[in-house]
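Since the structure comes first, as structure tokens, the remarks are kept for the end.
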Amino acid sequence: MPVHNTEIAALFNRLADLLELEDANPFRVRAYRNGARTISSLAQNVAELVKAGKDLSELPGIGEALAKKIETIVETGKLPQLEKVGARTPPALSKLMKIEGLGPRRVKTLYKQLGIRSLEDLDRAARSGKIRKLEGFGKKTEEIILHGLERFSGAEERMKLPDAEDIAKSLVAWLKYTQGVKAVTVAGSFRRRKETVGDLDILITARKNSPVMDRFVNYDEVNEVVSRGKTRSTVILRSGLHVDLRVVPQVSYGAALCYFTGSKAHNIAVRKLGVKKGYKINEYGVFRNEKRVAGKTEKDVYKQIGLPYIAAELRENRGEIDAAKKGKLPELVTLEDIRGDLHCHTKATDGRNSLNEMVEIAKARGYEYLAITDHSRHVTVAHGLDRKRLLDEIRQIDKLNEKLDGIVVLKSIELDILEDGSLDLPDGVLKELDLTVCAVHYKFNLPRKKQTERIIRAMDNPYFNILAHPTGRLINQREAYEVDLETIMTAARKRGCFLEVNAQPDRLDLTDSYCKLAKEMGLKVAISTDAHSTGNLDYIRFGIGQARRGWLEADDVLNTRTLDDLKKLLRRD
DNA sequence: GCCGTTTTCGGCCCGACTGTTTTCAGTCG
């Protein structure tokens, strides 16, 4: 099993932590963190790139030194420098820096002065009042540490996007109806449509004397006010979600929106570019010699430094600035581009609504087609369809199609890929379908090679069309199964098969990085909801967000096609 | 440690809030 990208990134991050504790050059520390970020957001397995002899220093933020270190990690599983630094500075200290309110300086002082090297040490010292006596610390800081410890022990989990949406919606409504408030925008990773959010960043433009800050900290759901200033405040809601609110004047709205949308790495890159052109960029605008030259809209900000507008979903410093400079930004796929859904369930298996109800809502959404993909027999808990019941459903759909106008129901199935790579129903019945959506639903723990072969063998079946939720991961619940997705993607491309971007907000599988890789490989994907109810069809929004984060354009997406064009792309002999 | 249509050396984004301070360091985003 090759070394995972996340393991390499973790080693670099840990090294960065320890170097920071040693007062190393902060830019060197940042270089390690940047490298870690590049590695962890890469779809391809770095170990395999190394084996293929690829020059890693071509990757952004990876230079000769880091490239060499990565090679060592791939070969030995270890980063010698980390062990060397670890001998001087206890590696456990990096955990202390995760406590809110504790950074490298304070952790270092705590270690040097009180010998604190673990969470337990920290807790003991704080409780016995030792910390407040240190220079630069005080009673209040001690309380903050104790509080941070308490919070830390709770599950540290990022919130899934739809949950954050629910919370944001009520809060935004509350803030909007405040005297003097003009615009309320949720920015941050929420706006970048990341699959999970760590906190909510809300931007407000308001008249000078608007009481919006008061109203914010007095919101019913606020559990704790972390900080409160004139232009910025932070609270923690009862749900545990942190919310930052920033108030700026109208003339700074665009600059503030850029700043608050991030990502941090994107902002740094943009500001750097600004500096090069003689501008200072902050949340109040773009400045040349103290004079504001742009800032009212995001577009103005980008324009001022010679760039076209960059969509929020792209702002991760993963090549978007370079693409913008060259005029090569993708024209991202939108909700309006989607002409149909290629994965949904009905009451026949584990869906909540009938065939007719599903079709009715799909039609109301303006879809031209809807593929009904109930489970196959192997998924017994969902009462999966056997050959006979599938034939019944096919006949039912044929009958319905005769009556329907403006939408066509596609005959399909979510077909289990069995352990040996065969499909769960015989070809004889599969050939009656318009398309198949195939998936792994059991035996997640096969070795990587076997799992990969299993899926590719399934693709050898001429009736295989789309690989559903290709890695099986459930966000915050279940890791992806071990599989060589890049090899699978290559195989899919060769065979005329497709991969799915499952739009269930629990799945969002493919990830953004793999969407981008698919695009680069020329492999088209289907964005499908896997809806188990009529309401779920709306999940398509989350799939679109993920696809946009993966740089996908309408042309890269199967279900932006008209029905005729779609049929041409699906191999059905 | 990275990086270069000003640079292969000398830079490296920018500001708010808090606490412990009498002008600023530390942390955060």
Side-chain angles (χ1 to χ4, degrees), chain A residues 12 15-16 19-21 23-38 56-70 81 96-110 131-145 147-148 187-189 197-203 213 217 225-235 242-248 252 255-256 258-287 305-306 317 321-322 325-326:
Chain A
F12 283 161
L15 180 56
L19 287 173
E20 212 170 10
L21 284 166
D23 260 338
N25 178 345
F27 299 105
R28 194 169 147 231
V29 173
R30 188 200 285 169
Y32 279 111
R33 295 205 201 284
N34 284 342
R37 221 180 49 83
T38 296
L56 295 180
S57 68
E58 282 171 16
L59 295 171
I62 307 287
E64 259 178 65
L66 282 185
K68 210 168 219 142
K69 289 191 169 82
I70 292 170
Q81 200 190 354
L96 297 182
M97 296 208 303
K98 306 267 184 298
I99 305 287
E100 253 185 275
L102 284 189
R105 315 294 308 206
R106 284 181 181 153
V107 168
K108 191 180 164 191
T109 307
L110 290 169
I131 291 177
R132 69 179 75 174
K133 295 190 188 116
L134 293 175
E135 200 187 328
F137 289 71
K139 199 166 166 240
K140 202 81 194 230
T141 309
E142 195 172 77
E143 279 167 23
I144 288 172
I145 289 173
H147 198 92
S189 47
V197 301
D199 60 10
L200 285 181
D201 302 297
I202 300 182
L203 179 69
M213 220 36 120
V217 297
V225 180
V226 177
S227 72
R228 197 233 142 102
K230 266 197 284 211
T231 66
R232 169 181 203 148
S233 297
T234 303
V235 303
H242 287 49
V243 186
D244 280 353
L245 182 77
R246 190 74 191 255
V247 183
V248 296
S252 296
C258 282
Y259 159 75
F260 231 24
T261 297
S263 65
K264 192 174 168 176
H266 175 87
N267 284 347
I268 289 176
V270 166
R271 287 172 176 186
K272 222 189 236 174
L273 191 62
V275 169
K276 215 192 261 175
K277 302 198 175 221
Y279 299 111
K280 182 178 77 169
I281 304 175
N282 57 27
E283 56 265 55
Y284 299 109
V286 181
F287 296 86
I305 54 171
N317 197 24
I321 293 178
D322 227 27
K325 276 187 200 160
K326 293 177 183 150

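Naming: A, B, ... by sequence-line order, numbering from 1 per chain.
As rounded to the nearest Å, B:dT8 and B:dC14 have C1' atoms that lie 28 Å from one another.
Look at A:R271 and you won't find any side-chain N or O under 4.0 angstrom from OP1 or OP2 of B:dC13. Taking 4.0 angstrom as the limit, A:K108 places none of its side-chain polar atoms (N or O) nearer than this to OP1 or OP2 of B:dG26. For the OP1/OP2 pair of B:dT6 and a distance below 4.0 Å, the side-chain nitrogens and oxygens of A:K277 include no atom meeting the criterion.
The glycosidic torsion of B:dT5 lies more than 90° away from 0, which places this base in the anti conformation.
The base of B:dG1 is not paired with the side chain of A:N34 by any donor and acceptor separated by under 3.5 Å.
In summary, of the residues considered (A:R105, A:R33, A:R28), a side-chain hydrogen bond (donor to acceptor under 3.5 Å, both in side chains) with A:E20 occurs for A:R33 alone.
Looking only at atom types and distance, the side chain of A:H242 has a donor-acceptor partner in the side chain of A:E100 under 3.5 Å away.
Nearer to the 5' terminus of DNA chain B, by closest-nucleotide assignment, is the contact made by A:A269 (compared with the other of A:S227 and A:A269).
Candidate nucleotides B:dG15, B:dC12, B:dG19 were compared by shortest atom distance to the side chain of A:K140, and B:dG19 ranks first. Nearest to the side-chain atoms of A:F27 among the listed nucleotides B:dG29, B:dG1, B:dG19 stands B:dG1.
Rounded to an integer number of Å, the gap from A:R232 CZ to B:dT27 C1' is 11 Å.
Annotated stems with DNA chain B as a participant read B:1-4 with B:9-12, B:14-19 with B:24-29, given as range with range, by first number; only runs of 3 or more Watson-Crick or G-U pairs under 3.5 Å qualify.
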